[in-house]
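Keep in mind that what you see is a predicted model, and the values were worked out from it rather than measured. All values below come from the heavy atoms of this structure, side chains included, with hydrogens, waters and symmetry mates left out.
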Amino acid sequence: MTEAPGTNAVSIALPVDGYVNVARLVTAGLGSQLEFGFEAIDDLQLAIELALRSVPARDGYATVALVRDETGLTVTVSGSEGEQLDARFPDAREGLDLLSCLGRLVDSVDLVAGAAPAVVLRKNRSPAE
């Protein structure tokens, strides 16, 4: 597949409760443009769901920004300014944290602290894709 240089980007603010499927749908669309396989798209969708559970939501809303380039997809999930990112799962067993779970689903993970905490996920195209 030959692609023109440049990027495609989508950013959506959505209610965290009840609208995760919207983020999944957008992710599948951009992943299919990159010719990701079913498993790669499913992993990305699950990673976004986990990230949405961990960012502090502003009035119940979070922002999901997806940027597609010729080598893969970068997803930034951000929440409220001035809140802390929750890098642990309160309903999980001891030792299970956000970073280790996400690291199994995507190629790179960055937890961004600061004014507006965010989770940055990167899924690269494999040579076969």
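Under the salt bridge (charged side-chain N to carboxylate O under 4.0 Å, His left out) criterion, Arg122 pairs with Asp69, sequence neighbours left out. Scored by the salt bridge (charged side-chain N to carboxylate O under 4.0 Å, His left out) test, Asp110 finds no partners at all (sequence neighbours excluded).
Annotation: the span from Leu102 atom CG to Ser54 atom OG amounts to 7.0 Å, rounded to 0.5 Å. Ile12 CD1 to Thr63 OG1: the interatomic distance, rounded to the nearest 0.5 Å, is 9.0 Å. Taking CG of Asp43 as the start and CZ of Arg104 as the end, the distance is 12.0 Å to the nearest 0.5 Å. Rounding to the nearest 0.5 Å gives a distance of 9.5 Å between CZ of Phe36 and CG of Leu30. Distance CZ/Arg68 to CG/Asn8: 4.5 Å, rounded to 0.5 Å. Atom OG1 of Thr27 is separated from atom CG of Asp42 by 11.0 Å, given to the nearest 0.5 angstrom.
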Arg125 and Thr71: side-chain contact (heavy atoms from CB on, under 4.5 Å), yes or no, with the steps?
CA-CA 6 Å; Arg125 288 177 63 182; Thr71 62; 5.9 Å; no
Test side-chain contact (heavy atoms from CB on, under 4.5 Å) on Leu121 and Ile48; report intermediate values, then the result.
CA-CA 8 Å; Leu121 312 168; Ile48 291 170; 4.1 Å; yes
Given the rule in the side-chain contact (heavy atoms from CB on, under 4.5 Å) test, do Val26 and Leu66 qualify, once you have shown the distances and angles that lead to the verdict?
CA-CA 9 Å; Val26 172; Leu66 302 100; 3.8 Å; yes
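Contact check for Val119 versus Val112: no side-chain heavy atoms found under the 4.5 Å cut-off. Counting heavy atoms from C-beta on, the side chains of Val67 and Leu73 never come closer than 4.5 Å. Leu50 has its side chain out of reach of Leu52: every pair of non-hydrogen atoms, C-beta onward, lies at least 4.5 Å apart. Residues Leu105 and Leu44 are not in side-chain contact: their nearest non-hydrogen atoms beyond the backbone lie 4.5 Å or more apart.
Smallest separation of non-hydrogen atoms from Ile41 and Gly31: CD1-C, 3.9 Å. Among all heavy-atom pairs drawn from Glu49 and Val20, the shortest one is CG-CG1, 3.1 Å. Residues Ser32 and Gly29 come closest through the heavy atom pair OG-O, 2.8 Å. In terms of heavy atoms, Gly103 sits closest to Val109 at N-CG2, 3.9 Å.
Within the 3.5 Å criterion, the main-chain N or O of Gly72 finds no donor-acceptor partner in the side chain of Asn124.
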